[in-house]
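Counting from 1, the numbers follow the sequence of the chain as shown. In this text the structure is predicted, and so the values were computed from the model without any measurement.
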Amino acid sequence: MDLHEESGLPGPELQKYDKVVYNFYVDERAMLNALKSGQIDAGYIAQKANVAEAEASDLSILTTRHDWQGLMMFDRAGDIIPELGDVRVRPAIMHAFDTDLMVNKAQLGFGKSNRQVFNEASTTYQPELNDDLSYNLDEAKALMSEAGWRRRAHD
């Protein structure tokens with residue numbers, strides 16, 4: 001996809017480049033190879049092994065927190081999954097996730113644990129949520145017990 005002056009974008013006085021070309025890559029490895037060979041000037045690399053290889057290739061690494069991975073529960077009324085309608089079950093699920101461990105194992109330490117969709121730079125970020133819903137298996141079990149759940153032999 002090419003963006004240039006003739007594209008009719010507003011604010012031509014704000015444009016800093018004569019031409020911007022966006023390339024779309026099916027996989028991150030192809031993008032890394034394009035970066036290393038000088039075919040492209042910038043790219044988004046998320047896999048830790050590829051970041052390490054980029055660093056070893058003397059590519060400049062800029063980091064930002066804009067990626068989010070997590071679990072969203074939309075059935076708060078319990079229309080589809082009745083158990084989610086109990087206000088104790090959703091926080092119990094949140095307390096059961098060790099997000100620090102997940103960042104260290106799944107992301108190889110490249111990232112930051114967070115209990116919400118928004119990062120610290122967002123005006124909607126609520127720091128207290130990280131403490132209120134922190135990893136705590138005892139609290140998760142207590143909430144589930146209050147909600148009427150009992151451990152079964154196959155759990």
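Within the 3.5 Å criterion, the main-chain N or O of Asp131 finds a donor-acceptor partner in the side chain of Ser134. Ser37 places a side-chain N or O within 3.5 Å of a backbone atom of Ala34 that can act as its donor or acceptor partner. A donor-acceptor contact shorter than 3.5 Å is absent between the side chain of Gln116 and the backbone of Tyr125. Proximity of a side-chain donor or acceptor of Arg90 to a complementary backbone N or O of Leu84 within less than 3.5 Å is detected. Using a distance-only test at 3.5 Å, with no hydrogens or angles considered, no donor-acceptor pair links the side chain of Ser57 to the main chain of Leu59.
Rounded to the nearest 0.5 angstrom, Asn50 CG and Lys36 NZ are separated by 9.0 Å. Note that the CD1 atom of Ile80 and the CG atom of Asp75 stand 4.5 Å from one another [nearest 0.5 Å]. Rounding to the nearest 0.5 Å gives a distance of 13.0 Å between CD1 of Ile93 and CZ of Arg88.
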Going through the distances and angles, do Met72 and Val117 end up as a side-chain contact (heavy atoms from CB on, under 4.5 Å)?
-> CA-CA 9 Å; Met72 298 181 90; Val117 176; 4.1 Å; yes
For His95 and Leu137, run side-chain contact (heavy atoms from CB on, under 4.5 Å): C-alpha distance rounded to whole Å, both residues' side-chain angles, the deciding distance at 0.1 Å, then the answer.
-> CA-CA 6 Å; His95 283 301; Leu137 277 181; over 6 Å; no
Show the numbers, then the answer: is there a side-chain contact (heavy atoms from CB on, under 4.5 Å) between Tyr135 and Arg115?
-> CA-CA 9 Å; Tyr135 174 63; Arg115 293 284 169 172; 3.5 Å; yes
Could you please spell out the steps behind the side-chain contact (heavy atoms from CB on, under 4.5 Å) verdict for Asn114 and Asn130?
-> CA-CA 6 Å; Asn114 193 352; Asn130 292 330; 2.9 Å; yes
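By the 4.5 Å heavy-atom criterion applied to side chains, Leu35 and Ile45 are counted as neighbours. The shortest side-chain heavy-atom distance between Asp86 and Val89 falls under the 4.5 Å cut-off. Put simply, the side chain of Leu71 reaches to within 4.5 Å of the side chain of Phe97, judged on heavy atoms. Proximity of Phe118 to Gln126: side-chain heavy atoms (C-beta onward) are nowhere separated by under 4.5 Å.
Classification of Glu53 and Arg29 as a salt-bridged pair holds, one side-chain N sitting under 4.0 Å from a carboxylate O.
Sparse packing is recorded around NZ of Lys141, with 12 or fewer heavy atoms of other residues, nucleotides or ligands lying under 6.0 Å away. Shown here is Asp41, whose CG atom has no more than 12 heavy atoms of other residues, nucleotides or ligands within 6.0 Å.
Placement of Leu133 and Val87 in two distinct hydrophobic clusters is found when ILVMFWY residues are connected by side-chain heavy-atom separations under 4.5 Å, directly or transitively. Transitive grouping of hydrophobic side chains (ILVMFWY, heavy atoms separated by less than 4.5 Å) keeps Leu129 and Val103 in distinct clusters.
Nearest approach of Ala54 to Ile61, heavy atoms of both residues: CB-CD1, 3.7 Å. Shown here for Ala140 and Ala96, the closest heavy-atom pair between the two residues is CB-N, 4.1 Å.
Under 3.5 Å, the side chains of Asn33 and Tyr25 contain no donor-acceptor pair of N or O atoms.
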